[in-house]
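Note sheet for the following structure.
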Amino acid sequence: MHFTKKPTTIWGGVIMIEFESEFAEDANGFGDIDFTKAKAFFSQVCRLFFKSKSKPSLIIVCHAVPDTLPFLAAISNEFIIHGIIIKPSSRHVDTHREINAKYPVLAFTKKDLLKTCTRSLELTTFEPKGDYIIIDIGGYFSDSYINKIISHDQSRLIGIVEDTENGVQKYEQLQPLSYPVVHVARSSLKEPEDYLVGQAIAFAIETVLRQIGVLTINKNVGILGYGKIGGSIAATWKPRSKSVSIYDTNAVRLIKAASHGYPAPSRHYVLSNSDILICATGQKSLTVDDIKHLKTGCYLASVTSADDEFDLDGISSKYSRTSVSEHITRLAEHDGQHFIHLINNGNPANFIYAANLGAYIHLVQAEMLAAACLLAGGAYHGQRGLFEINNNHRAEIAQLWLQTCYL
């Protein structure tokens, strides 16, 4: 694999480099990810969980980042990949090219999908002809219009696998469901990923700020949402900022933040006093009316897709956009009196740097693969609602990972 280096910056002792990579056909890995080990691991997971006598079709929503490649290779051995929808916020150029070359890619964004379904109320442009499973990231298929369509013949839809907390919350709002949704968002196997994602987001934000000459050591950092990722971000920022303040709509999480040594003031205080504000709720955490309360010059970032975390249409209608750097945009009121900065267009900052989480990402991917295998084998036949695989299965996956990817 070849890498073309962009300018290098240093985060403490961590070297942050943007890569424009060129994958060779026989590429064996990317950074800390060993593709050979990953494929062996996923193969063992399939042997353990895949009991279906046929190969169902899959529609997959995925990130086009390097660690997705061995996951897709494993899936293609057991399932028919009918189509892949690539999330637009995480398209690593050469990974995207490789996915396009090997698999059928469906040219849909979430908005395109909704428009298509609203207009025609049918998925004939990409729906498989036989039984199929959807692997989702972020609730792409959780809209009520889409739900009507895929529910009209639920005997063909075996079920959905959902990766994210953001997506789970969307499917919860659709209850009662007419099919099973097996999710990994609250799994113990996802905790290493969430911890490392929090670190990666903090690293990326500081790196893009250093590139424009802004240091964070004297900045007030605010975080909306003290879940697993929000907690990791807070711990990472604590020694590298003036202060870290937390707000969460969940009182239990606020108490948890306070017990960890973080001020938990009012929401208005966090909005108006943060030099850097990171939104980690997975929901619409900021409306256009909230923006005017942000400290002038504030740097705003998100841990999930911009359209899930922010009211982008409302913000665009009242704020003009000016590029400050490759990854920072200034949003200014039309009178120019108030402005803020948006990092990575409101999409997760960690995707600026390929979002590499090493082999730990394979734990979550393996649980998603196991869930798809269990769905295919009839483990959830006739059931409706939200489900998780059991802890014994998670322990089996963890043991295989230790033997294959770690030891």
Side-chain angles (χ1 to χ4, degrees), residues 165-166 169-170 172-173 194-195 197-199 201-202 205-206 209 214-319 328 330-333 335 337-344 346-349:
E165 178 64 28
N166 175 23
Q169 291 175 14
K170 292 176 181 177
E172 285 176 336
Q173 293 172 7
D194 290 336
Y195 177 74
V197 165
Q199 284 192 334
I201 286 170
I205 292 170
E206 182 164 4
L209 292 181
V214 175
L215 298 180
T216 64
I217 199 66
N218 63 343
K219 296 291 189 285
N220 296 315
V221 175
I223 300 172
L224 300 182
Y226 197 69
K228 291 176 289 184
I229 294 178
S232 175
I233 294 170
T236 306
W237 275 118
K238 194 171 186 177
R240 305 194 62 79
S241 63
K242 183 178 179 180
S243 69
V244 177
S245 298
I246 306 294
Y247 179 78
D248 197 300
T249 56
N250 185 314
V252 174
R253 288 182 176 176
L254 273 182
I255 294 170
K256 182 179 179 181
S259 74
H260 291 172
Y262 302 108
S266 68
R267 182 174 184 270
H268 181 266
Y269 179 91
V270 175
L271 295 185
S272 60
N273 287 274
S274 297
D275 300 300
I276 300 167
L277 182 64
I278 305 165
C279 299
T281 68
Q283 304 177 43
K284 281 283 191 300
S285 59
L286 287 183
T287 67
V288 64
D289 290 330
D290 290 323
I291 299 297
K292 64 185 178 185
H293 297 298
L294 300 187
K295 187 174 183 179
T296 297
C298 171
Y299 292 91
L300 179 63
S302 170
V303 307
T304 189
S305 299
D307 57 347
D308 287 324
E309 201 76 44
F310 307 129
D311 177 10
L312 290 181
D313 292 337
I315 293 171
S316 297
S317 68
K318 292 190 177 182
Y319 288 80
I328 300 177
R330 176 176 293 187
L331 302 178
E333 284 185 323
D335 62 10
Q337 295 298 308
H338 180 253
F339 67 90
I340 63 168
H341 300 96
L342 189 61
I343 295 176
N344 200 29
N347 291 309

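Fair warning: this is a prediction, and the values are worked out from it, not measured in the lab.
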Report task. For the residue pair His293 and His268, categorise the inter-ring angle as parallel (less than 30°), tilted (30 to 60°) or perpendicular (more than 60°). Result ->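 Ring orientation, 0 to 90° scale: perpendicular.
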How far does [atom1] of [X] sit from [atom2] of [Y], to the nearest 0.5 angstrom?
X      : Y      : atom1 : atom2 : result
Arg267 : Asp248 : CZ    : CG    : 11.5 Å
Ile217 : Trp237 : CD1   : CH2   : 9.5 Å
Leu331 : Ile340 : CG    : CD1   : 5.0 Å
Ile205 : Tyr299 : CD1   : OH    : 12.0 Å
Asn220 : Asp275 : CG    : CG    : 5.0 Å
Ile246 : His260 : CD1   : NE2   : 10.5 Å

For [X] and [Y], work out which heavy atoms get closest and say how close.
X      : Y      : result
Pro348 : Ser305 : CD-N, 4.2 Å
Leu254 : Ala264 : CD2-CB, 3.6 Å
Cys298 : Ser274 : SG-O, 3.5 Å

Counting N and O atoms only, with roles assigned by atom type, does the side chain of [X] sit under 3.5 Å from a partner on the main chain of [Y], one being a donor and the other an acceptor?
X      : Y      : result
Ser232 : Lys228 : no
Asp194 : Ile229 : no
His338 : Leu294 : yes

With a sphere of 6.0 Å drawn around [atom1] of [X], does it hold more than 12 non-hydrogen atoms of other residues, nucleotides or ligands?
X      : atom1 : result
Lys256 : NZ    : no
Tyr262 : OH    : yes
Lys284 : NZ    : yes

Query raised in the report: Is Lys242 close to Lys219 at the side-chain level, that is, under 4.5 Å between some pair of heavy atoms?
Result: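 Not touching, per the 4.5 Å side-chain cut-off.
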Query raised in the report: Tyr226 ring centre to Arg253 NZ or CZ under 6.0 Å, with the angle to the axis within 45°?
Result: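 That pair does not qualify as a cation-pi contact.
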Requested in this report: Could I get the full list of side chain to side chain contact (heavy atoms under 4.5 Å, CB included) partners for Ser245, not counting sequence neighbours?
Outcome: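 Side chain to side chain contact (heavy atoms under 4.5 Å, CB included) list for Ser245, sorted by chain: Pro263, Pro265, Tyr269, Val270.
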Requested in this report: Under the side chain to side chain donor-acceptor pair (under 3.5 Å) rule, collect the residues that match up with Thr281, sequence neighbours excluded.
Outcome: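 Per chain and number, Thr281 pairs via side chain to side chain donor-acceptor pair (under 3.5 Å) with Glu309.
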Query raised in the report: Given Ile278, which of Val303, Leu300, Leu224 fulfils the side-chain contact (heavy atoms from CB on, under 4.5 Å) condition?
Result: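 That would be Val303.
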Requested in this report: Using side-chain contact (heavy atoms from CB on, under 4.5 Å) as the criterion, point out the one residue from Asp290, Val221, Leu271 that pairs with Leu277.
Outcome: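 Testing Leu277 for a side-chain contact (heavy atoms from CB on, under 4.5 Å) against Asp290, Val221, Leu271 leaves exactly one candidate, Leu271.
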Query raised in the report: Can you tell me if Gln173 and Gln169 form a side-chain donor-acceptor pair at under 3.5 Å?
Result: no
